[in-house]
*Asks:* 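My questions will all concern the structure given below.
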Amino acid sequence: MNTQQIIAIAIFAIVMLLIISEKIDRTVVALSGAALMFVFKILTFEEGISHIDFNTLFVLIGMMIVVSIVKKSGLFEYVAILTAKISKGDPSKIMVYFMIITAFLSAVLDNVTTVLLIGPMTLVISDILSINPIPFLITQILASNIGGTSTLIGDPPNIMIGSAAGLSFGDFIVNLGPIIVIILAIVIVIFKIFYRKQLVKSEESEKLIANLDEKKAIQDKTLLVKSILVLIMILIGFMSHSKLGIESSVVALSGACILLLIGKQDPHEIIYSVEWPTIAFFAGLFIIVGGLSNTGVISMLANLLITETHGNVVLTMFLILWISAIVSSFLDNIPFVATLIPLILTMQTQGMDVMPLWWATSLGACLGGNGTLIGASANVVLASVGQKHGYPITFIDYLKIGFPIMILTIIISSAYLLIKFAI
C-alpha cells in the first residue's frame, strides 16, 4: 500500500467518523474531505470533478424543483388526507400503505425521485395526526431501496449492470421481482411489530380524519392539472429514457423547466427551495470516493475478493453479495459496482457462468444501501427532508434499525441465490 492510498483511506475514515459523530455538519465535513483530497494531490481538480455523478445530482435538482412547484398546488395534502381516510386514521396502516407505495414507485421511477415525492406527503399526514413522522421516514428509506432493487431503472447500479450484461427490464423483474416482494412483506411485518406501541390509533384521530375534506386541500386547480401532466411525462421519461438514449437527469431537468415555464411560480423562490446543502454533500462524497478509486483502493478490494474465491462460482457469488452489501452501506455503490463489472466480464471470458454474479452484485449493492444513513442517495435526501422540517434522523439512530434490517435482507437474498443457482 503506497502513501497516497494511506492518505486517501485516512481522509475517508476521518470523514466517516465525523459524519457518524454528528458534531460537525455533514456537508461541511464532506466538502472539507474533498478539499483535502485536492490539497494532498490524491486527485487533480479535473479528476475530482470527473468523479462527481452529475446525472444523480441533476436528477435531484430537477425533482426538487418539481416537488417545490407541485407542493403549491395542494396535491400532496390531497393524497395525504385521502390515504389517512382510507386507513381511517390508523398510523400503522398508513405506514404500511406508504411503504408499499414507496417500493412500487421506486421500481418504476427511481428511489431518489420517489422519496422526494413521498416525503412531503408524509410530513403533511403526520402534522394532521400530530404524530412523529420519523418512523414513517425510516421505513420509507428502507422501502425505497428495496423497491428500487427490483427493476433495471430503480437504482443506478442496476442500470450499469443491465448495460454491461445485456439484461432487460423484464430480466430484472423475473429474477429479482419475486425475492423483493418477499423481502418487502417480511420487512413490513417486522415494522408493524416494532412500531406497534408508537403508531397507535386513537378515537380522536379517527374523528379528525373523518371530518377532513381532501378536495379542500387543493389550493390551485390549474397548477394541479399542469403538475399531474408534467409528473406523468416525467414518469414516462424515466421508464423509457434508456430506449430514448437520454439520461434520467435530462428527464428530470426537462420536467422542472416545463413546470417552471407553465406553472407561473416565482422562479427565484422555487430555485431557492432546492436542498443545496444536500447537493453539496453528495458532490463532496463523490470526490472522496473518487480519491479511493483513483488510488486503486477500491480495485484492490475487488481484486482481493476475486482472488480469495479461486474461481468458485457459488463462493464468488456469496462473497460479492456480502462484500457489496457491507461496502455499499458506507460507500457510494456506483464506483464499487463500476469496479466489479470489468472483473466479472473478465471471468466471463475465462468461461465462468457469471449470471449469478450479476444478480448478487445487484442485490448486494442496492440492498446494502439500507445499512447506514449515507448508504444510498435516497437515505440522505429523505433524512434532509425530515431535518428541514424539524425531525432530524441521527446516524446512530438509523444505524440501529437500518443495519440489522440490511443484514436480514442479505441473509434472505443469500438463501434465494443458493436455491436459484446452487441447488
*Asks:* Please determine whether side chain to side chain contact (heavy atoms under 4.5 Å, CB included) holds for the pair Ile271 and Trp276, giving the CA-CA distance in whole Å, both sets of side-chain angles, and the decisive distance to 0.1 Å.
*Replies:* CA-CA 9 Å; Ile271 293 169; Trp276 294 111; 4.1 Å; yes

*Asks:* Look only at the side chain of Ser329 and the backbone of Gly368, and say whether a donor-acceptor pair between them is shorter than 3.5 Å.
*Replies:* yes

*Asks:* Among all residues two or more places apart in sequence or in another chain, which pass the side-chain contact (heavy atoms from CB on, under 4.5 Å) test with Asp25?
*Replies:* Thr27, Val28

*Asks:* Ignoring hydrogens, what is the shortest heavy-atom contact between Lys221 and Ile218? Give both atom names and the distance.
*Replies:* CG-CG2, 3.8 Å

*Asks:* If you round to the nearest 0.5 Å, how far is CG of Leu36 from CG of Leu31?
*Replies:* 11.0 Å

*Asks:* Carefully, step by step, assess Gln219 and Glu77 under the rule side chain to side chain contact (heavy atoms under 4.5 Å, CB included).
*Replies:* CA-CA 10 Å; Gln219 299 166 27; Glu77 287 86 349; 4.0 Å; yes

*Asks:* Taking the side chain as every heavy atom from C-beta outward, state whether Phe38 and Phe45 have any atom pair closer than 4.5 Å.
*Replies:* yes

*Asks:* How long is the span from the CD1 atom in Ile61 to the OG atom in Ser249, to the nearest 0.5 Å?
*Replies:* 10.0 Å

*Asks:* Which residues satisfy the side-chain contact (heavy atoms from CB on, under 4.5 Å) test with Val354, sequence neighbours excluded?
*Replies:* Ile344, Met347, Gln348, Met352, Leu357, Trp358

*Asks:* Do Glu47 and Asn294 touch side chain to side chain, with heavy atoms closer than 4.5 Å?
*Replies:* yes

*Asks:* Quick check: closest heavy atoms across Ala383 and Leu373, and the distance to 0.1 Å?
*Replies:* CB-CD1, 4.0 Å

*Asks:* Show me the donor-acceptor pairs within less than 3.5 Å that the side chains of residues 224-235 make with the rest of the protein, sequence neighbours left out.
*Replies:*
from	atom 1	to	atom 2	distance (Å)
Lys226	NZ	Ile262	O	2.7
Ser227	OG	Leu223	O	2.7

*Asks:* Would a distance-only check, ignoring hydrogens and angles, find a side-chain to backbone donor-acceptor pair under 3.5 Å from Thr114 to Leu105?
*Replies:* yes

*Asks:* With rounding to the nearest 0.5 angstrom, report the CD1 to CG distance, Ile146 to Leu176.
*Replies:* 13.0 Å

*Asks:* Of all residues at least two apart in sequence or in a different chain, which pass the side-chain contact (heavy atoms from CB on, under 4.5 Å) check with Ile52?
*Replies:* Ile49, Phe54, Leu57, Ala283, Phe286, Ile287

*Asks:* If you apply the rule side chain to side chain contact (heavy atoms under 4.5 Å, CB included), what do you find for Val59 with Glu247, and how did you get there?
*Replies:* CA-CA 9 Å; Val59 166; Glu247 296 290 344; over 6 Å; no

*Asks:* Nearest heavy-atom pair of Pro392 and Ile134: which atoms, and what distance?
*Replies:* O-CD1, 3.4 Å

*Asks:* Any chance you could measure Tyr398, atom OH, to Leu382, atom CG, to the nearest 0.5 Å?
*Replies:* 9.5 Å

*Asks:* If we only count heavy atoms from C-beta on, is the Leu199 to Phe136 side-chain gap below 4.5 Å?
*Replies:* yes

*Asks:* Identify every side-chain donor-acceptor pair in residues 63-71 under 3.5 Å, counting partners at least two apart or on other chains, and give the distances.
*Replies:*
from	atom 1	to	atom 2	distance (Å)
Ser68	OG	Ser273	OG	2.8

*Asks:* Check whether the side chains of Arg26 and Ser384 place a donor and an acceptor atom closer than 3.5 Å, and report yes or no.
*Replies:* yes

*Asks:* Does the side chain of Ser362 pick up a donor-acceptor pair with the side chain of Asn158 at under 3.5 Å?
*Replies:* yes

*Asks:* Evaluate the side-chain proximity of Ile374 to Phe395: yes if any heavy-atom separation is below 4.5 Å, no if none is.
*Replies:* yes

*Asks:* Show your reasoning for whether side chain to side chain contact (heavy atoms under 4.5 Å, CB included) applies to Ile183 and Ile188.
*Replies:* CA-CA 9 Å; Ile183 287 172; Ile188 285 173; over 6 Å; no

*Asks:* Cut-off 3.5 Å, no hydrogens considered: what does the side-chain donor-acceptor table look like for residues 412-423, sequence neighbours left out?
*Replies:*
from	atom 1	to	atom 2	distance (Å)
Ser413	OG	Thr409	O	2.8
Ser414	OG	Trp322	NE1	3.0
Ser414	OG	Ile410	O	2.8
Tyr416	OH	Asn175	O	2.4
Lys420	NZ	Asn175	OD1	3.3

*Asks:* Where do Met317 and Pro356 come nearest, in terms of heavy atoms and distance?
*Replies:* SD-CB, 3.5 Å

*Asks:* What pair of heavy atoms forms the shortest contact from Pro404 to Ile401, and how long is it?
*Replies:* CD-O, 3.3 Å

*Asks:* Within a reach of under 6.0 Å around CZ of Phe104, are more than 12 heavy atoms found that belong to other residues, nucleotides or ligands?
*Replies:* no

*Asks:* Do Ile11 and Phe40 touch side chain to side chain, with heavy atoms closer than 4.5 Å?
*Replies:* yes

*Asks:* Any chance you could measure Leu363, atom CG, to Trp359, atom CH2, to the nearest 0.5 Å?
*Replies:* 9.0 Å

*Asks:* Which residues pass the side-chain contact (heavy atoms from CB on, under 4.5 Å) test with Leu17, sequence neighbours left out?
*Replies:* none

*Asks:* Return each pair, listed once, that meets ring pair (Phe, Tyr, Trp, His ring centres under 6.0 Å) where at least one residue sits in residues 193-226; pairs must be two or more places apart or across chains.
*Replies:* Phe191-Tyr195

*Asks:* Is there a side-chain contact between Lys192 and Val96, using heavy atoms and a 4.5 Å cut-off?
*Replies:* yes

*Asks:* Filter on side-chain hydrogen bond (donor to acceptor under 3.5 Å, both in side chains), then keep only pairs touching residues 133-148, sequence neighbours left out; what's left?
*Replies:* Asn111-Asn145, Thr122-Gln140, Asn145-Asn370, Asn145-Asn379

*Asks:* Measure the spacing between CD1 of Ile288 and CD1 of Ile14 and express it to the nearest 0.5 Å.
*Replies:* 10.5 Å

*Asks:* Does Ile81 reach the side chain of Lys216, with side-chain heavy atoms less than 4.5 Å apart?
*Replies:* no

*Asks:* Is there a donor-acceptor pair closer than 3.5 Å between any side-chain N or O of Ser293 and the backbone N or O of Gly290?
*Replies:* no

*Asks:* Would you be so kind as to tabulate the donor-acceptor pairs closer than 3.5 Å made by side chains of residues 83-91, with sequence neighbours excluded?
*Replies:*
from	atom 1	to	atom 2	distance (Å)
Thr83	OG1	Val79	O	2.8
Lys85	NZ	Leu212	O	3.0
Lys85	NZ	Glu214	OE1	3.3
Ser87	OG	Thr83	O	3.2
Ser87	OG	Ala84	O	2.9
Asp90	OD1	Ser92	N	3.0

*Asks:* Please list all pairs meeting salt bridge (Lys or Arg N to Asp or Glu O under 4.0 Å) that have one or both residues in residues 262-289, counting only residues at least two apart or in different chains.
*Replies:* Lys72-Glu269, Glu275-Lys388

*Asks:* Give me the atom names and distance for the closest heavy-atom approach of Leu340 to Ser324.
*Replies:* CD1-OG, 3.7 Å

*Asks:* Could you check whether any side-chain heavy atom of His51 comes within less than 4.5 Å of a side-chain heavy atom of Leu43, counting everything from C-beta outward?
*Replies:* yes

*Asks:* Can you pull out every side-chain hydrogen bond (donor to acceptor under 3.5 Å, both in side chains) where at least one residue sits in residues 94-107? Sequence neighbours excluded, please.
*Replies:* none

*Asks:* Could you tell me whether a side-chain N or O of Asp155 sits under 3.5 Å from a main-chain N or O of Pro157, the two making a donor and an acceptor?
*Replies:* no

